[in-house]
2 protein chains.
Amino acid sequence: MTKSSPSARERIVAGAADMISRRGLNATSIRETAKHARAPLGSTYHYFPEGKQQLVTEAVRYTGEWTARNLRKELRAGPVAGLQAFLALWRKIVVDSDFRAGCPVLAVSIEEPAPGETSAVLAAAADVFTTWEGLLADSLREHGAEPERAADLATLIVAAVEGTVAMCRAKRSTQPLDRTAEQLRALILAAVKD
Amino acid sequence: MTKSSPSARERIVAGAADMISRRGLNATSIRETAKHARAPLGSTYHYFPEGKQQLVTEAVRYTGEWTARNLRKELRAGPVAGLQAFLALWRKIVVDSDFRAGCPVLAVSIEEPAPGETSAVLAAAADVFTTWEGLLADSLREHGAEPERAADLATLIVAAVEGTVAMCRAKRSTQPLDRTAEQLRALILAAVKD
DNA sequence: CCTGAGCTATAACAATTGTCATAGTCTACC
DNA sequence: GGTAGACTATGACAATTGTTATAGCTCAGG
């Protein structure tokens, strides 16, 4: 709830992100995103004249920025606290949805782009991953981690969290999250105190 | 090439796994899997009378077993060698497909099951993940890792590899794989020599 | 009051989807 | 040779897809 009455456009984007995080990119239809946002189908093509690709790209960026804001805030208390918050964020999504929702950025990353063309959606997803990695790596460096190791570890964290969330959905259990949380925490501590 | 002339049924299952690994579950249609396997559409429903769900479930299991065989073999040379082989396997899939293919087990894990019912597909995916984790954990324990830590680390490895493969696709680069490889290798060494 | 822009409503389009039915072909065995 | 069972070929079905077109509404600014 960032606003008391978000605009129809915002509702569509946020709703699309939510639906993609549950059903994947291809199973999310423009008609259903419109219905989900209580907006008419016509409005979708009014706000997003380039069609589905544009809507999905914005949904990916929306999720990326929302998460980055959260991460940035929590990282102010250090990398371990940032990791905990990052994990808690995804755990909440998984649990609250009864293991039906995950990360929309991951979801769009595993769908083949149209032959010949490089997808704007994939590029947005790559940007989001890079942003998340950058935030984590910066925080690690600020707390004494060796620069190269910080970058490697940041990538591992993002990859592990994304993979873990998917595993939780398949297993209908948060056990994978608990396990990777433990391991990643130890890794950060080791990297920071060198 | 495990056989000189695989049966039509095998071709359909293997082809479905490949297509799911590229386009995701919902964008993989039975018509196209049949065409891809040079089998008639009618045959698909002959071999898989329960329809798409059955075909997809078998495709997931097929990938799971194929990978598990590979992993089991390479783990005979120890957990570090097993990890390298596991990573090399996925790297080859990603690179050979020009960053278009990934893991079909991950792909099916992120699609919401029909409301109310628990999907057989998701259950198969969960089984596959658990099998891979078990193989890695056993190997770690055999080489001196503490039991609980072995289980946690095995989960982290599977999750990280799955997430990393997806990130490589989005970024159209193998850099994430290189980075996680480095980190995971160090982790295994530390856990084993304790 | 009128104009025009922003938005909505509704219908249509060609394609594709999963699934089913039915008739035909092939092949191994009696 | 013939018969059963495995497989193929073909076509149909209702639904849903992304997208476009067009006509209507709403409401601020002049």
Side-chain angles (χ1 to χ4, degrees), chain A residues 5-20 22-60 104 107-108 111-117 119-122, chain B residues 3 5-20 22-60 104 107-108 111-117 119-122 124:
Chain A
S5 101
S7 73
R9 194 180 196 282
E10 280 177 272
R11 283 202 321 266
I12 295 175
V13 172
D18 180 60
M19 290 179 61
I20 292 169
R22 296 170 182 271
R23 329 174 13 155
L25 175 50
N26 254 282
T28 298
S29 78
I30 293 205
R31 274 177 182 79
E32 299 231 311
T33 59
K35 197 171 302 180
H36 185 274
R38 276 190 201 67
L41 175 60
S43 295
T44 306
Y45 282 92
H46 174 77
Y47 292 121
F48 311 96
E50 292 163 48
K52 188 176 185 178
Q53 157 162 251
Q54 185 185 1
L55 170 56
V56 172
T57 303
E58 292 204 24
V60 167
V108 307
E111 311 232 358
E112 196 177 40
E117 67 175 303
S119 146
V121 180
L122 268 190
Chain B
K3 232 182 185 183
S5 101
S7 72
R9 193 180 198 281
E10 280 176 274
R11 282 199 325 263
I12 296 174
V13 172
D18 180 61
M19 292 179 59
I20 293 168
R22 296 171 181 271
R23 335 197 332 179
L25 176 50
N26 253 281
T28 297
S29 77
I30 292 206
R31 274 175 182 78
E32 299 230 312
T33 58
K35 197 172 304 180
H36 186 274
R38 278 188 199 69
L41 175 60
S43 295
T44 306
Y45 281 90
H46 174 76
Y47 291 121
F48 310 97
E50 292 162 47
K52 188 175 185 178
Q53 157 162 252
Q54 184 185 2
L55 170 56
V56 172
T57 303
E58 293 204 23
V60 168
V108 306
E111 310 232 0
E112 197 177 39
E117 66 175 303
S119 147
V121 181
L122 267 191

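Computed over heavy atoms, backbone and side chain alike; hydrogens, waters and symmetry mates excluded. In what follows, every chain begins at residue 1, and chains take the letters A, B, ... in the order their sequences are listed.
You'll find that the side chain of B:Glu32 is closest to C:dT17, out of C:dT17, C:dC7, D:dG18. In the set C:dA11, C:dG18, D:dT17, the nucleotide with an atom closest to the side chain of A:Leu41 is C:dA11. With C:dC7, D:dA12, C:dA9 as the choices, the nucleotide that has an atom nearest any side-chain atom of A:Tyr47 turns out to be C:dC7.
Nucleic acid contact class of B:Thr28 (heavy atoms, under 4.0 Å, all strands): sugar-phosphate only. The residue B:Tyr45 sits close to a base: some heavy atom pair falls under 4.0 Å.
Rounding to whole angstrom units, NZ of residue B:Lys35 and P of D:dA9 are separated by 14 Å. Rounding to whole angstrom units, CD1 of residue B:Ile30 and P of D:dA15 are separated by 19 Å. Remark: P of D:dT8 and CZ of B:Phe48 are 12 Å apart, rounded to the nearest angstrom. When the P atom of D:dT8 is taken as reference, atom CD1 of B:Ile12 falls 8 Å away, rounded to whole Å. The separation between A:His46 atom NE2 and D:dC25 atom C1' is 13 Å, rounded to whole Å. Look at NZ on B:Lys52: it is 4 Å from P on C:dG18, rounded to the nearest Å. We find that CD of A:Gln54 is positioned 12 Å from P of D:dT20, with the value rounded to whole Å. Following rounding to the nearest Å, A:Asn26 (CG) and C:dG18 (P) show an atom-to-atom distance of 11 Å.
Shortest non-hydrogen contact noted between A:Gln53 and A:Val121 is O-CG2, 3.9 Å. Of all the heavy atoms in B:Leu122 and B:Val108, the pair that sits closest is CD2-O, 3.7 Å.
Each of B:Glu50 and A:Ala8 was assigned the nucleotide of DNA chain C with the nearest heavy atom; the assignment lying further toward the 5' end belongs to A:Ala8.
Under 4.0 angstrom from either OP1 or OP2 of C:dT17 there lies at least one side-chain N or O belonging to B:Ser29. For D:dC7, neither phosphate oxygen OP1 nor OP2 lies less than 4.0 angstrom from any side-chain nitrogen or oxygen of B:Ser43.
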(message) Applying side-chain contact (heavy atoms from CB on, under 4.5 Å) to B:Leu25 and B:Lys52, what does each step give before you reach the verdict?
(response) CA-CA 10 Å; B:Leu25 176 50; B:Lys52 188 175 185 178; 4.3 Å; yes
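In this structure, A:Ile30 and A:Tyr45 have side chains that are in contact, with non-hydrogen atoms separated by less than 4.5 Å. Contact check for A:Ile12 versus A:Phe48: side-chain heavy atoms found under the 4.5 Å cut-off.
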